[in-house]
Amino acid sequence: MQRWPWLVLALSALGLELSALYFQYFLELDPCVLCVYERTAVMGILLAGIVGAIAPRLAVLRWTGLLLWGASAVWGLFTALKHVGIQIGELDLTCSYMADFPSWAPLDQWWPAVFMPTGFCGDIQWVFLGLSMPQWMVVIMILYLVALVAVVAGRVLACRGR
């Protein structure tokens, strides 16, 4: 119901997007198609934060933000899990070298600096505290989902207390 939590959500996603661009352009790590899809999920969370911050007391915007947040985090989690499976050899899958965005939103053509895949899904180019980048994305998406559940549960409990 307040604007600042939505802005925190948006700023956290913006920080992740800027980090991805730092890894790509300063550390010269090539994003694969699944990395690009994970970026798209984070962009959805960023958009959710912006939508919710516009007018958090307006139910339609608040619920649109919550639904977009949830859908983006779930999609990002499944994409990151698939990516981890490919990297550790658990999934006998490959990924495309080209992004497959819908024809009505070809993000890789509109904004290739952010959404054009140039790497391979099986490559592990970066590890921090023993986890690869997609493994960190699993952790991050789970945290976004836990935060979403906490927000919705808190709202439901607040409504029941009235």
Under 3.5 Å, side-chain donor or acceptor atoms of residues 43-55 against the rest of the protein: list the pairs with distances, not counting sequence neighbours.
none

Q: Please report the C-alpha distance between Leu145 and Val74 in whole Å, then the side-chain angles of each, then the deciding distance to 0.1 Å, and finally whether the side chain to side chain contact (heavy atoms under 4.5 Å, CB included) criterion is met.
A: CA-CA 7 Å; Leu145 287 170; Val74 166; 3.8 Å; yes

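- Within a 6.0 Å sphere centred on CH2 of Trp126, other residues, nucleotides and ligands contribute more than 12 heavy atoms.
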Let me check something: any side-chain donor-acceptor pairs from residues 22-32 under 3.5 Å, sequence neighbours excluded? List them with distances.
from	atom 1	to	atom 2	distance (Å)
Gln24	OE1	Arg39	NH1	2.8
Gln24	OE1	Arg39	NH2	2.8
Tyr25	OH	Ala113	O	2.6

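- Neither side chain, Thr79 nor Glu38, offers a donor N or O lying under 3.5 Å from an acceptor on the other.
- In terms of heavy atoms, Val138 sits closest to Ala80 at CG2-CB, 3.6 Å.
- Residues Cys121 and Val33 are in side-chain contact: their nearest non-hydrogen atoms beyond the backbone lie under 4.5 Å apart.
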Q: Check the pair Met141, Trp75 against side chain to side chain contact (heavy atoms under 4.5 Å, CB included), reporting the backbone distance first and the verdict last.
A: CA-CA 9 Å; Met141 290 301 166; Trp75 184 56; over 6 Å; no

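- In this structure, the side chains of His83 and Cys35 come closer than 4.5 Å at one or more pairs of heavy atoms.
- Judged as a side-chain hydrogen bond (donor to acceptor under 3.5 Å, both in side chains), and not counting sequence neighbours, Trp104 has no contacts.
- Considering only heavy atoms from C-beta on, Pro56 stays 4.5 Å or farther from Gln2 through its side chain.
- Taking each heavy atom of Gly76 and Ala41 in turn, the nearest pair found is CA-CB, 3.5 Å.
- Hydrophobic clustering of Ile, Leu, Val, Met, Phe, Trp and Tyr side chains at less than 4.5 Å, counting indirect connections, keeps Val139 apart from Val149.
- A donor-acceptor pair under 3.5 Å links the side-chain atoms of Gln135 to the main chain of Ser132, judged by distance alone.
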Q.
Test ring-ring contact (aromatic ring centres under 6.0 Å, His included) on Phe101 and Tyr37; report intermediate values, then the result.
A. CA-CA 9 Å; Phe101 289 109; Tyr37 293 158; 5.7 Å; yes

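- To the nearest 0.5 Å, the span separating CG on Leu9 from CG on Leu14 amounts to 11.5 Å.
- By the rule that hydrophobic residues join a cluster once side-chain heavy atoms approach within less than 4.5 Å of another member, Leu107 and Val114 end up as members of one cluster.
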(Q) Test side chain to side chain contact (heavy atoms under 4.5 Å, CB included) on Trp69 and Val152; report intermediate values, then the result. (A) CA-CA 11 Å; Trp69 176 1; Val152 171; over 6 Å; no

(Q) As a quick check of understanding, evaluate side chain to side chain contact (heavy atoms under 4.5 Å, CB included) for Leu77 and Met137, giving each step before the final call. (A) CA-CA 7 Å; Leu77 176 60; Met137 287 306 297; over 6 Å; no

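- Within the model, atoms CG of Leu34 and CG of Leu81 stand 11.0 Å from one another, a figure rounded to the nearest 0.5 Å.
- Side-chain contact annotation: Tyr144 with Ser12, donor-acceptor N/O pair under 3.5 Å present.
- Separation of atoms CG (Asp100) and CG (Asp108) is listed at 9.0 Å; rounding is to 0.5 Å.
- Within the model, atoms CG of Leu11 and CH2 of Trp4 stand 12.0 Å from one another, a figure rounded to the nearest 0.5 Å.
- Hydrophobic cluster membership differs between Leu7 and Val151, with clusters built from Ile, Leu, Val, Met, Phe, Trp and Tyr side chains linked at under 4.5 angstrom.
- By the criterion of side-chain heavy atoms lying less than 4.5 angstrom apart, applied directly or through intervening Ile, Leu, Val, Met, Phe, Trp or Tyr residues, Leu68 is not grouped with Leu16; the two fall into different hydrophobic clusters.
- Distance check: Asp123 CG to Ile86 CD1 gives 11.5 Å after rounding to the nearest 0.5 Å.
- Counting non-hydrogen atoms of other residues, nucleotides and ligands closer than 6.0 Å to CH2 of Trp110 gives a total above 12.
- Side-chain heavy atoms closer than 4.5 Å link hydrophobic residues (I, L, V, M, F, W, Y) into clusters, and following such links, possibly through other members, connects Phe128 to Met133.
- Taking all atoms of both residues into account, the shortest heavy-atom contact from Ile124 to Val127 is CG2-CG2, 3.7 Å.
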